[in-house]
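Step one of this worksheet: look at the structure below.
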Amino acid sequence: MINIVLFGKPGAGKGTQAEFLKEKYNLTHLSTGDIFRFNIKNDTELGKLAKSYMDQGDLVPDNVTIQMLQSEVDKNPHSAGFLFDGFPRTIAQAEALDAFLSSKKQDITATIALEADDEILVQRLLERGKTSGRPDDQDEEKIRNRYQEYNEKTAPLMEYYNDQNKFYAVDGIGSIQEITQRLSKVIDNL
């Protein structure tokens, strides 16, 4: 079983690459954004709980997010592995994920960060914002704030996984195929 955490700033290409990787390696793609939207849309107990925090303008607590993720892992007992996208975002979340996977006799195989220059990513998101309809992709100040949050909260995870010899950085600039090849090279050598 292979379990991969995919990192990268907004616009780095995580969603695009996740689609290729899940097909190539037969992984179950777990995007926290998608999981939140599904639970809220379907009015599940966890969705109602998450929405109650979101409606107050608060971040959904780790324990709620982790319960949603655990539920998704449990729904896929025959999966060849998981591709975690958007989670973990903090050391506490990483530790909770490790504990949960350990209870299933699994662990994170690798974390891979798609790295790219902020200026290139800002332009990429502004371009995407012209067609995506996402307001957070149309405001340069909001984009830069998202990068600041990433640097403060997510970047320490790189050290956490590096200390476990599970961290790999991949150049996220180039054609989609070139980036997929770089990611595949890392995964094939695990």
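Bear in mind that the values here come from a model prediction, so they are computed numbers and not experimental data.
- When Lys104, Lys166, Gln106 are each tested for a side chain to side chain donor-acceptor pair (under 3.5 Å) with Asn3, only one passes: Gln106.
- A donor-acceptor pair under 3.5 Å links the side-chain atoms of Gln17 to the main chain of Ile176, judged by distance alone.
- Remark: Arg144 engages Glu119 in a salt bridge, criterion side-chain N to carboxylate O under 4.0 Å.
- Atom-to-atom distance recorded for Gln67:CD and Asp74:CG is 11.5 Å, nearest 0.5 angstrom.
- Residues Phe82 and Ile66 are members of one and the same hydrophobic cluster, defined by side-chain heavy-atom contacts under 4.5 angstrom among Ile, Leu, Val, Met, Phe, Trp and Tyr.
- Looking at heavy atoms from C-beta onward, Leu114 lies in side-chain contact with Leu183 at the 4.5 angstrom threshold.
- Closest approach of Tyr160 to Ala94, counting heavy atoms only: CE2-CB, 3.5 Å.
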Before giving the answer on salt bridge (Lys or Arg N to Asp or Glu O under 4.0 Å), spell out for Arg146 and Asp137 the whole-Å C-alpha distance, their side-chain angles and the decisive distance to 0.1 Å.
CA-CA 10 Å; Arg146 287 159 64 195; Asp137 285 350; 3.2 Å; yes

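- Between Tyr147 and Leu125 the shortest side-chain heavy-atom distance falls below 4.5 Å.
- More than 12 heavy-atom neighbours from other residues, nucleotides or ligands sit within 6.0 angstrom of CZ on Arg128.
- Tested against Phe167 for a side-chain contact (heavy atoms from CB on, under 4.5 Å), the candidates Ile112, Asn162, Val5, Leu157 yield a single pass: Asn162.
- Judged by distance alone, with hydrogens and angles left aside, the side-chain atoms of Ser184 form a donor-acceptor pair with the main-chain N or O of Thr180 at under 3.5 Å.
- A salt bridge between Lys185 and Asp188 is absent, with no side-chain N of the basic residue lying under 4.0 Å from a carboxylate O of the acidic one.
- Residues Val64 and Ile35 share a single hydrophobic cluster, defined by chaining ILVMFWY side chains whose heavy atoms lie under 4.5 Å apart.
- Nearest approach of Ile40 to Gly47, heavy atoms of both residues: CG1-O, 3.6 Å.
- Side-chain contact between Ile108 and Phe84 is present, with at least one heavy-atom pair separated by less than 4.5 Å.
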Where do Glu152 and Gln148 land on the side chain to side chain donor-acceptor pair (under 3.5 Å) test, with the steps shown first?
CA-CA 6 Å; Glu152 290 172 4; Gln148 182 65 30; 2.7 Å; yes

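- By the 4.5 Å heavy-atom criterion applied to side chains, Ile91 and Glu95 are counted as neighbours.
- Residue Val170 is grouped with residue Leu27 when hydrophobic side chains (ILVMFWY) are merged at heavy-atom distances under 4.5 angstrom, including chains of intermediate members.
- No single ILVMFWY cluster, assembled from side-chain heavy atoms under 4.5 Å apart, contains both Tyr25 and Leu101.
- Residues Gln123 and Glu127 have side chains that never bring a donor and an acceptor to within less than 3.5 angstrom of each other.
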Salt bridge (Lys or Arg N to Asp or Glu O under 4.0 Å) between Lys75 and Glu72, worked out
CA-CA 5 Å; Lys75 286 180 194 173; Glu72 292 301 310; 3.0 Å; yes

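- Here the CE atom belonging to Met1 is positioned 13.5 Å from the NZ atom belonging to Lys105, to the nearest 0.5 angstrom.
- Here the closest heavy-atom approach between residue Arg182 and residue Ile173 is recorded as NH1-O, 2.9 Å.
- Between Lys14 and Gly8, the shortest heavy-atom distance links the atoms NZ-O, 2.8 Å.
- Side-chain contact between Leu30 and Phe87: absent, with no pair of heavy atoms (C-beta onward) separated by less than 4.5 Å.
- In terms of heavy atoms, Ile179 sits closest to Gly174 at CD1-O, 3.6 Å.
- Separating the NZ atom in Lys41 from the CG atom in Asp34 is a distance of 11.5 Å, to the nearest 0.5 Å.
- By the 6.0 Å contact criterion, CZ on Phe100 is enclosed, its count of non-hydrogen atoms from other residues, nucleotides or ligands being greater than 12.
- The shortest side-chain heavy-atom distance between Lys51 and Asp43 does not fall under the 4.5 Å cut-off.
- Of all the heavy atoms in Gly11 and Leu121, the pair that sits closest is O-CD2, 3.4 Å.
- Expressed to the nearest 0.5 Å, how far OH of Tyr150 lies from CG of Asp118 amounts to 10.0 Å.
- Rounding to the nearest 0.5 Å places CG of Leu97 at 11.0 Å from OG of Ser102.
- Put simply, the side chain of Tyr168 does not reach to within 4.5 Å of the side chain of Asn189, judged on heavy atoms.
- Note on Phe7 and Val186: separate hydrophobic clusters, where clusters join Ile, Leu, Val, Met, Phe, Trp and Tyr whose side-chain heavy atoms are under 4.5 Å apart, directly or indirectly.
- Side-chain contact between Ile4 and Leu21 is absent, with no heavy atoms from C-beta onward closer than 4.5 Å.
- Note that the CG atom of Leu126 and the CD1 atom of Ile143 stand 4.0 Å from one another [nearest 0.5 Å].
- Panel note: side chain Asn76, backbone Ser79; no donor-acceptor pair is recorded below 3.5 Å.
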